[in-house]
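Just follow the structure's listing: the first ligand is 1, and inside any ligand the first atom is 1.
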Amino acid sequence: MSLIVQKFGGTSVADPERIAAVADHIARTRKQGHGVVVAVSAMGKSTDDLIRLANEVASNPGGREMDMLLTAGERISMALLSMAIIERGIPAVSFTGSQAGIVTDSAHGKAKILEIKADRLQEALDEGQVCIVAGFQGVSTGRDITTLGRGGSDTTAVALAAALRADVCEIYTDVSGVYSADPRICPRARRLTEVSFDEMLEMAATGGRVLALRSVEFARRYNVPLHVRSSFTWEPGTWVRDLGEDRNMEEAVVTGVTHDASEAKLTITDVPDRPGIAALVFRSLASAGVNVDMIVQNVSHSSLTDISFTVPSDEAAKAEAVVVDQLGTIGADGVTVDSDIARVSIIGAGMKSHPGVAATMFETLADNGLNIDMISTSTIRTSCVVRRDDVERAVRSLHTAFGLDA
Ligand code: ASP
Ligand code: MG
């Protein structure tokens, strides 16, 4: 008997009709003889609604009480889904993250899973029950309820699949898989049949919205094959797995184009060029909990240099304050914040062995009159920061230039 973990996102269980359709599908999977564990998100936009409520009663809600509130969303969907499955004559039982043995650290709002004590789930599976687990939550070592960060149900699903050594983790969502670009801005985007873990990681990190980044990290670390598919059509979608050597050599060099307009760029001007300055700045930012992404520092000609870096837009004000505090110490001139930026990235495992991919990217942007602000690369990705207003055009032109158009 194989074990399948199925994850259903908020849109998949948004109302009673959707819950019925999902329950039918789970019952079907169980009747085929598979063991089934389900991770479920809160219904529709209910997490957003709860956050809105919290903001109406407190000026800066967060921490323990916020997690207590938000985990209620998944409690509702898990119980309703479990009832709907039982209604179909299939034994099912729902568990909170805590009951499912998901132990996290105590970083409220962005807790990390430390361990899964899966014995309670295993017992229920051995009894033939379908296990419905509330996504996005766990219990801290200090015995408080925690959440894993927005979109965290993906991580719950993959972590459960790893802990229970499931054969596959199916991620059901409202799109039919992973696309070569966001179909909303790139109408010629194609659904990809399969993507490697490394490519998916880069996609998730650079704006691909289908899977949460941490879930992909988990899947790669524990080698859990993911199948991203639609809970509206139930068609096969995109496999994310270790492609090893069996990747088709004919395949395109670039697999996908992503974009991300959620960051802002800070530039510290006229920074003295001596050892320890970057260390000081970025240590202060790290201590303040700012997530720095791209960093660019120029060679200096006059013993003064500029340092630019990007951070999530909602952390820009905090980052600016941290830098302003340091200006005197480091002897820099000032700091500017540019919020009208976006990043476009090309991703493909084939890049490693094909020279000139970055050059083609820059030529394509140049031919379209798009100016590049910053560049960063990894072995299988090249990213450019461009003006925010230009980013959709950048995605479409790169999609065409790398032969990805359907
Ligand atoms: N309900 C949570 C959220 O909206 C978790 C999830 O959907 O994965 O972020
Ligand atoms: Mg969600």
Side-chain angles (χ1 to χ4, degrees), residues 5-15 18-19 22 37-55 61-82 94-100 102 104 107-113 116 131-140 145-162 169-175 177-178 200 203-205 207-219 224 226-232 237 240 262 291 312 314:
V5 172
Q6 299 185 330
K7 182 259 173 176
F8 295 93
T11 46
S12 299
V13 292
D15 54 42
R18 291 297 317 157
I19 290 176
V22 165
V37 173
V38 174
V40 66
S41 293
M43 293 169 72
K45 299 255 171 272
S46 55
T47 306
D48 295 324
D49 296 340
L50 292 172
I51 292 173
R52 207 169 305 123
L53 265 178
N55 282 305
R64 182 184 188 279
E65 301 310 324
M66 191 66 162
D67 279 356
M68 199 61 109
L69 175 71
L70 295 188
T71 50
E74 270 73 10
R75 247 188 208 237
I76 293 171
S77 53
M78 79 184 197
L80 290 173
L81 185 55
S82 194
S94 66
F95 298 100
T96 63
S98 170
Q99 289 175 317
I102 300 175
T104 72
H108 285 293
K110 52 177 176 189
K112 289 204 165 63
I113 297 177
I116 296 190
C131 299
I132 313 292
V133 180
F136 162 68
Q137 56 174 273
V139 63
S140 73
I145 297 301
T146 52
T147 63
L148 309 177
R150 297 307 305 271
S153 300
D154 290 348
T155 308
T156 303
V158 178
L160 288 172
C169 180
E170 298 181 329
I171 307 277
Y172 288 92
T173 175
D174 52 1
V175 293
V178 179
M200 195 64 230
M203 287 187 189
R209 269 164 290 271
V210 184
L211 287 175
L213 177 61
R214 292 212 353 238
S215 72
V216 188
E217 287 171 345
F218 237 98
V224 179
L226 307 180
H227 186 185
V228 182
R229 50 191 299 192
S230 162
S231 69
F232 290 79
V240 184
S262 69
N291 277 301
D314 55 6

What do you reckon, does [X] have a nitrogen or oxygen under 3.5 Å from a nitrogen or oxygen of ligand 1?
| X | result |
| --- | --- |
| D154 | no |
| G151 | yes |
| K7 | no |

I51 vs N55, side chain to side chain contact (heavy atoms under 4.5 Å, CB included): CA-CA, chis, key distance, verdict
CA-CA 6 Å; I51 292 173; N55 282 305; 3.5 Å; yes
What is the minimum heavy-atom distance between S41 and K7, and which atoms define it?
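Closest pair (atom of S41, atom of K7, distance): OG-CE, 3.7 Å.
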Specify the closest pair of heavy atoms between I113 and R214, including all atoms of both residues, with the distance to one decimal.
N-NH2, 4.2 Å
Atoms in ligand 1 flagged as close to [X], the criterion being non-hydrogen separation under 4.0 Å:
| X | answer |
| --- | --- |
| S41 | 6 (C), 7 (O), 8 (O) |
| E74 | 1 (N), 2 (C), 5 (C) |
| R150 | 3 (C), 4 (O), 9 (O) |

When you check the side-chain N and O atoms of S94 and S82, is any donor under 3.5 Å from an acceptor?
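Per modelled atom types, S94 and S82 side chains form no pair under 3.5 Å.
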If only side-chain N and O atoms count, and only distance matters, is there a donor-acceptor pair under 3.5 Å linking D67 with T147?
yes
Between D154 and A212, is there a donor-acceptor pair closer than 3.5 Å when you use the side chain of the first and the backbone of the second?
yes
Answer yes or no for G73: is there a heavy-atom contact with ligand 1 below 4.0 Å?
no
